[in-house]
Amino acid sequence: MTTTDASARALQLNEQGQLRHFLTIDGLDRELLTRILDTADSFIEVGERRIKKVPLLRGCTVVNLFFESSTRTRSTFELAAKRLSADVLNLDISTSATSKGESLSDTLLNLEAMASDMFVVRHSRSGAPHFIAQSVTPGVAIINAGDGRHAHPTQAMLDMLTIRQHKGRFEGLKVAIVGDILHSRVARSQIQALNVLGAEEVRLIAPSTLLPTDVESLGCSVAYDMRSGLKDIDVIIMLRLQRERMEGALLPSEREFYKVYGLNTEKLAYAKPDAIVMHPGPINRGVEIESAVADGPRSVILNQVTNGIAIRMAVMSMAMGGQRAQRGQDAEGQA
Ligand code: CP
C-alpha cells in the first residue's frame, strides 16, 4: 500500500474499518467496494415502491455544496438523501456569500453551526473534499461529488453497479475507456474501481494528447485506434471532451476527433456482440457518440443515471453509520 493509499484509507474509514467519508476509491479494498454495491442493490427496490422512502437518515441534515455545475450528480444526491428521509439543503453557490468573497472554510464553519451532519461537495479544485474532511467537526461526513481532475467516486461506483447488473461479474471482463482521459476524474475513479474489483483488462483508447503522462502507472493498457482498441471488449465507456479543463490546442478539431474516436454503429461492431455502451454524461452527440448508439439497444446510459440514486443512498447511509459507530466508540473511550 502506498502512502497515498494509506492516508486516504485512514481518513475515509473509522477504527472498525467502516466508511465515514467517501472521498476516493484509492486505498479502498474489494470487500468494501462490494459492500457498497450490495447495499445499493438492496436500495433499488425502494425506488420501485409507491412511497419511495426508508427512515435511515431521519433527523439528519444533508447539505449539497456544488461549486461546479451538475445535472445528474446533484439531482440524484438530493433524491437519495430524501429517500433516506434526511432534511436536505441545496446551497445555491451563485447567490450565496461565496459570491461576496467568503472563503470555503468560513462557508463550512457557518453550515456546521447549523448542525449539519453531511456535506456533499463538488469543487473545481482537486483535493477540496479531502481538505474539508481533514478539518470538519468530528461526526460530520464528507462525500466527494467530483473534485477537479482528481476523483468522482460515486460516479465510478454507479458505473460498477451498472456493469455488475449487465455482466454479472468483473472477473474476465475487458473494459475500454475512450476519449478525454487526461481531464477525466471519472476515468481515474473507474480505473481504480475496475482494478480493485478484478476486471481482466482496462484499456484506454485516446490520442496521446488526451492521455495522462503517468498512464503506465494506472494499471491499464493503451490503444490509439478504435478498431484494434475495441477488439474483444465487453464494456465501452465513452467520455466527453472536457473543454473547460483543456489548456492549449490538444485536438485538431471536434470533427476530426469524432471521425477517429467517436463511437458509431460501424466502430461498435469491432467490440464483442454483447458489449454494452456507457457514458457518465453529459453526452455530446456527434462529438464522442452517435445518437443511434447513445439511444440504441446496447446503450445503458440511462440505467447508469437510475443507479446513481441507489449508489448514493448506499454511500450516504454507510458513511452516517460509520460516523455514528465512531462517536459511540469515542464516547465509550471517554467514559
Ligand atoms: N456524470 C456527472 O457527473 O454528471 P453531472 O456533471 O451532470 O453531475
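Numbering of ligands and ligand atoms starts at 1, following listing order. Positions are given from 1 along the sequence. In this text the structure is predicted, and so the values were computed from the model without any measurement. Because only heavy atoms are used, hydrogens play no part in the values below, and waters and symmetry mates are left out as well, while side chains stay in.
- Geometrically, R312 engages F77 in a cation-pi contact defined by less than 6.0 Å to the ring centre and at most 45° from the axis.
- Using a 4.0 Å cut-off between a side-chain N of Lys or Arg and a carboxylate O of Asp or Glu, R164 and D38 qualify as a salt bridge.
- Donor-acceptor pairing under 3.5 Å is recorded for the side chains of T162 and N307.
- Contacts of ligand 1 (protein heavy-atom distance under 4.0 Å) are S70, T71, R72, T73, R122, H152, Q155, P280, G281.
- Side-chain atoms of R203 never come within 3.5 Å of backbone atoms of V222 as a donor-acceptor pair (strictly under, hydrogens ignored).
- With hydrogens and angles ignored, the 3.5 Å screen pairs a side-chain donor or acceptor of S85 with a backbone N or O of V54.
- Taking 4.0 Å as the cut-off between side-chain N and carboxylate O, E171 and R169 do not count as a salt-bridged pair.
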